[in-house]
Enquirer: 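I have a structure here, written as structure tokens, and I will follow up with some questions on it.
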2 protein chains.
Amino acid sequence: MTTSTVENYVKQLYVEQEANPGEMVLMGRLAAAMEVAPGTATSMVKTLADAGLADYQPRGGVRLTSRGQQLALHVLRRHRLVELFLVKILGLDWSQVHDEAEALEHVVSDIVLDRIDELLGYPTVDPHGDPIPTSSGRVHDPKRMNLASCPIGRPQRIVRVLDQNPAFLQFIERQGLMPGTKVTVADREPAADAVRLRLSPKRETTLGLAAANKILVEATATA
Amino acid sequence: MTTSTVENYVKQLYVEQEANPGEMVLMGRLAAAMEVAPGTATSMVKTLADAGLADYQPRGGVRLTSRGQQLALHVLRRHRLVELFLVKILGLDWSQVHDEAEALEHVVSDIVLDRIDELLGYPTVDPHGDPIPTSSGRVHDPKRMNLASCPIGRPQRIVRVLDQNPAFLQFIERQGLMPGTKVTVADREPAADAVRLRLSPKRETTLGLAAANKILVEATATA
DNA sequence: ATCTTCATTTTGATTAATCAAAATTGATCC
DNA sequence: GGATCAATTTTGATTAATCAAAATGAAGAT
Ligand SMILES: [Mn+2]
Ligand SMILES: [Mn+2]
Ligand SMILES: [Mn+2]
Ligand SMILES: [Mn+2]
């Protein structure tokens, strides 16, 4: 029996490892991410290690084993399929679904998940553009540029938003910058913390650099 | 914060009270129903009492307070709406959904539940014919006859099945006795533990008395 | 009035997850 | 080579839920 808590830690470790490939995750980082006291992280990590889900070097950090990684991918699959289901089938707002999925991800069975997957037509990304791992634990996660670093003047399509905060997501939605949208960076003024975007010949907006960094894009076919 | 465990105990107490209206629920009964040791039931009941969800008389039994009853009805509402959702929208078999709902009932939020309710067209009964309490905690649960006691020769419609056991439900389904089906009791032979049913002019079946007791019916309009 | 019995309650442990605060350690800086 | 600092680990408690086994009590039986 793997508890919800174990699933949450393993998932967080996976995310942390993706953010810093190759490096060990330090206890401080993990404790902060999980919002627990440092000692709690240490003790949970020992539990994960005992369960064969992570390798732990005291004072050196943690790393998921491949079993741990598989578990993380299964939890992420559940999380992301549930999110998409909540948006597409139940009509919730994309800013609400992360928190809902945070609880549901520990409870949906394989049978239910398969039905959801089928009902959604075997999707590959969730409402935020995050890739959905396959049931065998594979993810397709190509390197992407973001609105703070992509070339200026070349048309792009928004493909992913790297922040689950409801207020941020609502802001993005109000700006009309959800995944699927086409944009062109008109220009950037780093000194003014501003990225000017053109959405259509008549519509344009400005974003701060921190926000622009969290919006991933893909160059569209030069039509 | 009310835990899943508290929700499960309160729900069980409600069911137990429905089965024996007016009486106090004894610790032995509760412990057996929850499949825990007797001492565990005693200690959980004290917790419920402290939380104002139940009245507890040592050695006299427990009874839900009205707050406890409201909570029970909310959990039952979640459970039953989720069951119907799993059958109608995700296409699961009615024999599987009880166990799934047992976990999901503690995790679906009000927002999600409202969407499910809407998507299903504000249903009043779940796949087993169990009534779905309203969001304000009202249930419409009329007294019903069953196939072991209803009049012989008068056409009936099956409206509810009082057993969530998957094997039993599969059996009922194979016999073509799901809620909605019309049947007439042809005759009964208590000595032989047999109830003969007519489903149509050409189709008939036999049930044991224990099974017949668990199938509730309603007399159909004498067409 | 006492005995017997069985349901119930109590007691003492255990497991998972957590915290606060103390102890430890590794590294950096004189 | 020490002193100092920050991160980490340890220690000792706490809460929820559970069990096994011992203690208690209420009823009925003699
Ligand atoms: Mn979670
Ligand atoms: Mn997402
Ligand atoms: Mn339950
Ligand atoms: Mn049901």
Side-chain angles (χ1 to χ4, degrees), chain A residues 1-14 16-17 19-20 23-64 67-68 71-72 75 102-103 105-107, chain B residues 1-14 16-17 19-20 23-64 67-68 71-72 75 102-103 105-107:
Chain A
M1 297 302 96
T2 127
T3 66
S4 297
T5 307
V6 165
E7 290 189 347
N8 285 331
Y9 275 87
V10 161
K11 182 163 60 107
Q12 191 58 49
L13 281 173
Y14 179 87
E16 231 51 64
Q17 283 183 185
N20 265 30
E23 290 175 34
M24 302 252 117
V25 179
L26 301 178
M27 291 304 135
R29 267 212 148 298
L30 180 59
M34 298 300 298
E35 304 184 68
V36 295
T40 304
T42 300
S43 109
M44 271 307 303
V45 161
K46 285 182 186 168
T47 302
L48 299 183
D50 289 349
L53 297 169
D55 287 327
Y56 167 53
Q57 248 98 52
R59 306 197 127 95
V62 226
R63 190 207 306 277
L64 291 174
R67 274 194 52 225
L71 176 57
V75 179
E102 204 53 56
E105 68 187 358
H106 309 293
V107 154
Chain B
M1 297 300 99
T2 131
T3 66
S4 297
T5 306
V6 165
E7 290 188 347
N8 284 330
Y9 275 87
V10 162
K11 182 164 59 113
Q12 191 59 48
L13 282 173
Y14 179 88
E16 230 52 64
Q17 282 183 185
N20 265 30
E23 291 177 32
M24 301 252 115
V25 179
L26 302 177
M27 290 304 135
R29 266 210 148 301
L30 180 59
M34 297 301 296
E35 306 183 69
V36 296
T40 305
T42 300
S43 108
M44 271 307 303
V45 161
K46 285 182 187 169
T47 303
L48 300 184
D50 289 348
L53 297 169
D55 288 327
Y56 168 52
Q57 248 97 51
R59 282 160 210 276
V62 226
R63 191 207 306 276
L64 291 174
R67 272 195 53 224
L71 176 57
V75 179
E102 204 53 57
E105 67 188 358
H106 309 294
V107 154

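We use all heavy atoms of the structure for the numbers below, so side chains are in, but hydrogens, waters and symmetry mates are not. Fair warning: this is a prediction, and the values are worked out from it, not measured in the lab. Protein chains get the first letters and strands the later ones, always in sequence-line order, with residue 1 at the start of each.
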Enquirer: Is there a side-chain polar atom (N or O) of Lys46(A) under 4.0 Å from OP1 or OP2 of dT9(D)?
Expert: no
Enquirer: Name the closest nucleotide to the Pro38(A) side chain, picking from dT9(D), dA17(D), dA7(C).
Expert: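 The nucleotide sitting nearest to the side chain is dT9(D).
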Enquirer: Return the value, rounded to whole Å, for the distance between atom CG of Leu26(B) and atom C1' of dA27(D).
Expert: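 After rounding, the reported distance stands at 14 Å.
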Enquirer: Which one, dT9(D), dT10(C), dT18(C), comes nearest to the side chain of Met44(A)?
Expert: dT18(C)
Enquirer: When you get a sec, tell me which of dC19(D), dT9(D), dT10(C) is the closest nucleotide to the side chain of Val36(B)?
Expert: dC19(D)
Enquirer: Output the rounded distance in Å from CD (Glu7(A)) to P (dA17(C)).
Expert: 11 Å
Enquirer: For the side chain of Thr40(B), starting at C-beta, report the closest nucleotide among dT18(C), dT18(D), dT8(D).
Expert: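 So the nucleotide nearest the side chain must be dT18(D).
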Enquirer: Please state whether the phosphate of dT9(D), meaning OP1 or OP2, lies under 4.0 angstrom from any side-chain nitrogen or oxygen of Tyr56(A).
Expert: yes
Enquirer: Whether Thr3(B) contacts dA17(D) is assessed here as follows: a side-chain N or O lying under 4.0 Å from the phosphate OP1 or OP2. Is that the case?
Expert: yes
Enquirer: Starting at CD of Gln57(B) and ending at C1' of dA26(D), how long is that distance when rounded to a whole Å?
Expert: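 After rounding, the reported distance stands at 15 Å.
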Enquirer: Are Lys11(A) and Glu16(A) close enough, and set up right, to give a salt bridge (Lys or Arg N to Asp or Glu O under 4.0 Å), and what steps lead you there?
Expert: CA-CA 9 Å; Lys11(A) 182 163 60 107; Glu16(A) 231 51 64; over 6 Å; no
Enquirer: Of the candidate nucleotides dT25(C), dT8(C), dT18(D), which contains the atom at the shortest distance from the side chain of Arg59(A)?
Expert: dT25(C)
Enquirer: Please give me the minimum heavy-atom distance between Ala72(A) and Leu64(A), naming the atom from each residue.
Expert: CB-CD1, 4.3 Å
Enquirer: Starting from the 5' end of DNA chain C, give me the residue, Gly39(A) or Ser4(A), whose nearest nucleotide shows up first.
Expert: Ser4(A)
Enquirer: Whole angstroms only, please: what is the NE2-P distance between His106(A) and dA17(C)?
Expert: 12 Å
Enquirer: Output the rounded distance in Å from CE (Met24(A)) to P (dG26(C)).
Expert: 17 Å
Enquirer: Can you give me the closest heavy-atom contact between Val10(A) and Gly68(A), atom names plus distance?
Expert: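 It is CG1-O, 3.2 Å.
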Enquirer: Does a side-chain N or O from Tyr9(A) land closer than 4.0 Å to OP1 or OP2 of dT18(C), or not?
Expert: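 Result: yes.
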Enquirer: Testing Asn8(B), Val36(B), Val6(B) for side chain to side chain contact (heavy atoms under 4.5 Å, CB included) with Met44(B), which one passes?
Expert: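 Single pass found, and it is Val6(B).
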Enquirer: Give me the atom names and distance for the closest heavy-atom approach of Tyr56(A) to Ala49(A).
Expert: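 Heavy atoms only, the tightest pair is CB-CB, 4.1 Å.
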Enquirer: Please report the distance, rounded to the nearest Å, between CG in Asn8(A) and C1' in dA16(C).
Expert: 14 Å
Enquirer: Taking atom P of dA17(C) as reference, at what distance in whole Å does atom CG of Leu30(A) sit?
Expert: 14 Å
Enquirer: Expressed as a whole number of angstroms, how long is the span from Asp50(B):CG to dT15(D):P?
Expert: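 Atom-to-atom, Asp50(B) to dT15(D), this comes out as 13 Å.
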